[in-house]
Peer 1: 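Input: one structure, supplied below.
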Amino acid sequence: MIELLGKKKMHFSLIDPDKQLPKEAGRIAKICEEYGSDAIMVGGSTVPDRETSYKTIEEIKKNSKLPVIIFPNSADTIAPNADYIFFMDVLNSPDMEYKRQQHMKGAKLVKKWGIKPIPMGYMVISTSKKPTTVETKLKLDVIRENDIEKAVDYAIYAECMGMCCVYLDAGSNPDKPVPDEMIMAVRKEIEIPIIVGGGIRNGIEAKKKIDAGADVIVTGSLIEKNIERLKEIIEAIKSASSS
Ligand code: 1GP
């Protein structure tokens with residue numbers, strides 16, 4: 001088991017290096033830490049290169065002691081100053097580029113730079129009328145919000161393959177988050193930690209996802225637009241896990 005995951009219910013803050021200058025990312029990370037977030041994820045579908053990731057992580061590390069996890073869109077966005085990387089198989093993509101090719105390029109860098117890999121099964125759940133950015137970037141075997149059995153099957157596959165966690169992602173700023181019923185169904189079948197993100201914008205929503213069986217809640221867009229709301233989300237996660 002990866003030391004970072006599985007001990008308690010957690011919150012991860014997602015900072016997209018493409019959305020603000022590094023200094024601003026550092027300021028945001030400081031607030032996330034003050035509010036009780038457990039880690040900073042760095043990534044996004046449109047991050048252009050390694051330098052952009054590196055400079056953002058550099059400022060985050062100057063301003064916070066939280067572990068930094070790369071959430072890569074390709075091997076080219078892996079930076080040596082990260083602590084962890086979500087080494088992710090896009091479960092519902094048939095595109096070998098995102099199941100094997102980028103991994104082959106990235107693995108040797110991860111090893112050389114001593115970044116700890118977190119093997120992850122990643123699923124994009126389609127809950128929006130207009131495709132989210134990740135849906136426009138990847139070729140997908142679409143999982144709609146009522147395709148519960150398909151999500152469960154992919155999750156079981158990930159666990160059998162030895163992956164350390166599963167991430168159910170509705171994409172950035174979707175119409176709706178991943179449905180509670182889907183999280184519950186996945187929880188019933190697997191024991192590895194479940195990460196849930198996309199469209200979680202308040203404490204009530206975060207608590208519902210934790211009660212359904214999520215172990216980690218990820219918030220991204222809210223941090224850029226309305227960071228004060230993060231406090232209630234983190235409080236809801238911590239109180240749900242202690243009750
Ligand atoms: C996207 O799950 C993350 O990959 C976060 O989504 O930006 O909607 O919080 P939001």
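As the structure lists them, so they are numbered: ligands from 1, and atoms in each ligand from 1.
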Peer 1: What atoms of ligand 1 come closer than 4.0 angstrom to any heavy atom of Ser221?
Peer 2: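 Numbered from 1, ligand 1 contributes 7 (O), 8 (O), 9 (O), 10 (P).
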Peer 1: Consider side-chain contact (heavy atoms from CB on, under 4.5 Å). Of Leu230, Val216, Val218, Ile200, which one does His11 pass it with?
Peer 2: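 By the side-chain contact (heavy atoms from CB on, under 4.5 Å) criterion, His11 pairs with just one of Leu230, Val216, Val218, Ile200: Leu230.
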Peer 1: Is the Phe86 ring parallel, tilted or perpendicular to the Phe71 ring (thresholds 30°, 60°)?
Peer 2: perpendicular
Peer 1: Quick check on contacts: which atoms of ligand 1 are under 4.0 angstrom from a heavy atom of Gly171?
Peer 2: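 Selected atoms, number and element: 1 (C), 6 (O), 8 (O).
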Peer 1: Quick one: pull up CZ in Arg27 and SG in Cys32 and give me the separation to the nearest 0.5 Å.
Peer 2: 10.0 Å
Peer 1: Under 4.0 Å between a side-chain nitrogen and a carboxylate oxygen: does that hold for Asp175 and Lys130?
Peer 2: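 Judged by the 4.0 Å cut-off on N to carboxylate O distance, Asp175 and Lys130 do not form a salt bridge.
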Peer 1: With heavy-atom distances below 4.0 Å as the criterion, list the atoms of ligand 1 near Thr219.
Peer 2: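 Those qualifying, in numeric order: 9 (O).
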Peer 1: For atom 9 (O) of ligand 1, what's the nearest protein heavy atom and its distance?
Peer 2: Gly220 N, 2.8 Å
Peer 1: May I ask you to say whether Glu232 pairs ionically with Arg229, meaning some side-chain N is under 4.0 Å from a carboxylate O?
Peer 2: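 So Glu232 pairs with Arg229 through a salt bridge.
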Peer 1: Which part of Leu14 is near ligand 1, with near meaning a heavy atom under 4.0 Å away: side chain, backbone, both or neither?
Peer 2: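 Side chain only.
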Peer 1: Check if Asp169 has a non-hydrogen atom at a distance under 4.0 Å from any atom of ligand 1.
Peer 2: yes
Peer 1: Looking at Pro174, which atoms of ligand 1 are within less than 4.0 Å of one of its heavy atoms?
Peer 2: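 Listed by number with element, the hits are 8 (O).
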Peer 1: Would you check if the side chain of Thr132 reaches a backbone N or O of Pro174 as a donor-acceptor pair within less than 3.5 Å?
Peer 2: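 No.
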Peer 1: Which atoms from ligand 1 have a heavy atom of Tyr167 less than 4.0 Å away?
Peer 2: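 Answer, ordered by atom number: 2 (O), 3 (C), 4 (O).
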Peer 1: Would you mind listing which atoms of ligand 1 come within a distance below 4.0 Å of any non-hydrogen atom of Asn173?
Peer 2: 7 (O), 8 (O), 10 (P)
Peer 1: If only side-chain N and O atoms count, and only distance matters, is there a donor-acceptor pair under 3.5 Å linking Glu224 with Ser221?
Peer 2: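 No - no donor-acceptor pair under 3.5 Å links their side chains.
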